[in-house]
Peer 1: 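Have a look at this one before I ask anything.
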Amino acid sequence: MIKKLLPKFILVVAVIAIISAVFEKCSSNVEHKAFLQQMDSLHKVNDSLFVEIKKDDAAIDSLNEISEELTDKIAHQKAKVVKVVEIVEVEKNKIDNLQEHQLVTFYNTRYPKDTVTNPLPIAQPVLVSAAKDLVELDGAKQQLVIQDTIITGLESRVAIKDSVITLYVKKENNYKNIMNNQQTQIKDWKFQYNTLQLENTKLKAKNKFTKIGAGLIAGGLVYLMLAE
């Protein structure tokens, strides 16, 4: 009797072992490790992107400070141009009130190598007009120098603004990459959650099957022992 039942009992044990091995293979954690590695990699990438964004923010703040300084300097230079114009008008008004000897002194001071004597009354208006033109010329030269510095400042400020725009574009791209990585993480976490639920169902089935198999094996052993 025992000899007849023993092969069947061995067959049952073998089937239970094979099914248990299949369950074990299905619950492999290789995919979980790969998932965790991918999540860790995305997390590190996002951390790196946030560091880059902080650096860009610092660079933008620095450039904006320089831009503000240039704006102040440009405004100061523009004020100097206005001041030069005012001084020119004052000097021209003074020339209208110069006496003959003062007018001669004006020219002799400006052109020390040339000697100007007291002008004839008919020539004095011409000399006055020419003196005003010289004052305006001096003012124009000063304005030209100042305008050159203003243009240089404006060009520098435009270059800075271009750099700031480039950094903002870079920041925007970094934020887009961060959002894409986060969306990937969310999608993968959902997939992983569904996978874990399925695996949990398999583990419950395996546990139930294992209990049944253990009961059958134990019952078989008891039966064999009693049959002896």
Peer 1: Applying side chain to side chain contact (heavy atoms under 4.5 Å, CB included), can you list everything that pairs with Gln147, at least two apart in sequence or on another chain?
Peer 2: Val81, Ile150

Peer 1: Of the non-hydrogen atoms in Ser156 and Leu70, which two are nearest, and what is the gap between them?
Peer 2: CB-CD1, 3.7 Å

Peer 1: Per the side chain to side chain donor-acceptor pair (under 3.5 Å) rule, what does the pair list look like for residues 37-47, sequence neighbours excluded?
Peer 2: Gln38-Asp188, Asp40-Lys44, His43-Asp47, Asn46-Asn181

Peer 1: Would you give the length of the straight line joining atom NZ of Lys73 to atom CG of Leu154, rounded to the nearest 0.5 angstrom?
Peer 2: 13.0 Å

Peer 1: Could you measure the distance from the CG atom of Asp148 to the CD atom of Gln77? Nearest 0.5 Å is fine.
Peer 2: 10.5 Å

Peer 1: Determine, using the 4.5 Å side-chain heavy-atom cutoff (strictly less than), whether Ile66 and Ile60 are members of one ILVMFWY cluster.
Peer 2: yes

Peer 1: Tell me, please, which residues at least two apart from Glu136 pass salt bridge (charged side-chain N to carboxylate O under 4.0 Å, His left out).
Peer 2: Lys92

Peer 1: CG of Leu134 to CD1 of Ile95: how many Å apart, nearest 0.5 Å?
Peer 2: 7.5 Å

Peer 1: Rounded to the nearest 0.5 Å, what separates atom CE in Met179 from atom CD in Gln182?
Peer 2: 7.5 Å

Peer 1: Ser62 side chain to Ala58 main-chain N or O, any donor-acceptor pair under 3.5 Å?
Peer 2: no

Peer 1: Name the one of Val85, Val90, Val84 that satisfies side chain to side chain contact (heavy atoms under 4.5 Å, CB included) with Val88?
Peer 2: Val84

Peer 1: Got Leu63 and Lys161 here, is their nearest side-chain heavy-atom distance under 4.5 Å?
Peer 2: no

Peer 1: Nearest 0.5 angstrom please: Thr71 OG1 to Asn64 CG, how far?
Peer 2: 10.0 Å

Peer 1: Spell out, yes or no, whether Ile160 and Tyr168 are grouped together once hydrophobic residues are joined by side-chain heavy atoms under 4.5 Å, including indirect joins.
Peer 2: yes

Peer 1: Going by the rule side chain to side chain contact (heavy atoms under 4.5 Å, CB included), which residues pair with Glu68 if we only count those two or more places apart in sequence or in a different chain?
Peer 2: none

Peer 1: Could you note down all residue pairs passing salt bridge (Lys or Arg N to Asp or Glu O under 4.0 Å) where residues 165-182 supplies at least one of them, sequence neighbours left out?
Peer 2: Glu52-Lys170, Asp56-Lys170, Asp57-Lys171, Glu172-Lys176

Peer 1: By the rule that ILVMFWY residues connect when side-chain heavy atoms come within less than 4.5 angstrom, directly or transitively, which residues belong alongside Ile53?
Peer 2: Val45, Leu49, Phe50, Tyr175, Ile178

Peer 1: Working to the nearest 0.5 angstrom, can you tell me the gap between His76 NE2 and Ile146 CD1?
Peer 2: 8.5 Å

Peer 1: Could you tell me whether a side-chain N or O of Thr184 sits under 3.5 Å from a main-chain N or O of Asn180, the two making a donor and an acceptor?
Peer 2: yes

